[in-house]
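Taking it in order: structure first as structure tokens, then the write-up.
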2 protein chains.
Amino acid sequence: MEDDIDRLVPDVFSRRCDSRTALEHVTGRWGILAMAALLEGTFRFNALRRRVDGVSEKMLAQTLQQLERDGFVHREARPTIPPHVEYSLTALGRAVAERLHDLIELVEGRLPEVLAARAAYDAAVTGVPGRSRAPAGGATPGPA
Amino acid sequence: MEDDIDRLVPDVFSRRCDSRTALEHVTGRWGILAMAALLEGTFRFNALRRRVDGVSEKMLAQTLQQLERDGFVHREARPTIPPHVEYSLTALGRAVAERLHDLIELVEGRLPEVLAARAAYDAAVTGVPGRSRAPAGGATPGPA
DNA sequence: AGTTGGCACTTTCGAATAGTTAGTACTAAG
DNA sequence: CTTAGTACTAACTATTCGAAAGTGCCAACT
């Protein structure tokens, strides 16, 4: 992405490429979970918020707006009071969500290995399993 | 993940599940790009930094440490001055990186659709294509 | 001789973003 | 009457990120 010719080839490694932000939206902390939940079906706002444990209204609203703008999510609002809004995946969003789902399944399925690695790392760093501490600074190659 | 029995089943939708942070590490802004770069081969620190456009030394160091601790990345440091450190994917990291790569390929390949969606969204929101503005607040269902 | 560049980080401080809380306006149910 | 629900937004606080400088040594260049 160093000049105009290169700009025609999407490349997430280049910070100036629009694909970078699109990728960040679908893999952001709340984006990936919202997409994965929507793969299960259409949700209303608060139902989605309950599905994605820990997300605030603000962050969810912001995330859904980004995803909608990128074309991954479809928002259907009825002119009612109280509001009635439904969110669902677009075809593009579904393609992305399926890959996110694959990733999530893998990470969940191999969590024991991650936990074991963490314990081993912590023990190597501090000599005490379960206690994480950054290696000391300086120009010396750190332990690991 | 509401009680001890549920804690045995990894579930990224639950904020208390360790798989949540593991997923956040590999899909974080810099994590996903570092993993994708390492899929290309082993990198030394500054080579990786050059590969991932826009990342600071601080964020890269922090990201690599997280990934190493989770067991996705292997760090090989020689006891030399100047330092000589190499980063590569573990087997677990490779499995994850391959899925990240699939996702990246998809997002890059369908970027034109994302850009078209953004233009359409901005036009619908502001009447001016290319100019993004959040819908007005209140309890009224927003336009979209 | 001095200067510069390279290596892989860490530290400090300000900028940016995420999170918390309260608010909007209406209806239905208790 | 109060409470709960709906889908957000605004204001303030907390946390994280980014920019810049620093570490200590060696090699290459002037």
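Every chain is numbered from 1 and lettered A, B, ... according to where its sequence line falls, protein lines coming before strand lines.
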- Item | Between C/dC9 (C1') and B/His84 (NE2): distance, integer Å | 15 Å
- Consider the side chain of B/Phe45, meaning its heavy atoms from C-beta on, and name the nucleotide among C/dA8, C/dG19, C/dT11 that approaches it most closely. C/dA8
- Task: Measure from NZ or CZ of B/Arg44 to the centre of the six-membered ring of B/Tyr87, then state whether that distance is under 6.0 Å and the direction lies within 45° of the axis.
- Result: no
- Does a nitrogen or oxygen in the side chain of A/Arg44 sit under 4.0 Å from OP1 or OP2 of D/dG5? no
- Does B/Arg51 count as lying over the ring of B/Phe43, i.e. NZ or CZ under 6.0 Å from the six-ring centre, within 45 degrees of the axis? no
- Message: Just the rounded figure in Å: distance from P of C/dA16 to CE of B/Met59.
- Response: 16 Å
- Message: Over all strands shown, is B/Ser56 touching base, sugar-phosphate only, or nothing at heavy-atom distances under 4.0 angstrom?
- Response: nothing
- Task: Return no unless some side-chain N or O of B/Arg29 is found under 4.0 Å from OP1 or OP2 of D/dG18.
- Result: yes
- Query: Hey, is the side chain of A/Trp30 poking within less than 4.0 Å of OP1 or OP2 on C/dG19, counting only N and O atoms?
  - Reply: yes
- Message: So if I take every side-chain heavy atom of A/Arg75 and compare against D/dA7, D/dC17, C/dA18, which nucleotide ends up nearest?
- Response: D/dA7
- Message: Side chain of B/Pro83 only, heavy atoms from C-beta on: which candidate in C/dC7, C/dA18, D/dG18 is closest?
- Response: C/dC7
- Message: Once rounded to the nearest 0.5 Å, what's the spacing between atom CD of B/Glu68 and atom NE2 of B/His25?
- Response: 13.0 Å
- Message: The side chain of A/Glu57 is closest to which nucleotide in this list: C/dC9, C/dG19, D/dT9?
- Response: D/dT9
- Listed nucleotide nearest any side-chain atom of A/Arg50, set D/dA7, D/dC17, D/dT6: D/dT6
- Taking for A/Arg15 and for A/Glu86 the nucleotide of DNA chain D with the nearest heavy atom, the one nearer the 5' end belongs to A/Glu86
- Task: State which of C/dC7, D/dG18, C/dC26 makes the closest approach to the side chain of A/Pro82.
- Result: C/dC26
- How far apart are the closest heavy atoms of A/Arg20 and A/Phe13, and which atoms are they? NH2-O, 3.0 Å
- Message: Tell me the interatomic distance from B/Phe43, atom CZ, to C/dA8, atom P, rounded to whole angstroms.
- Response: 13 Å
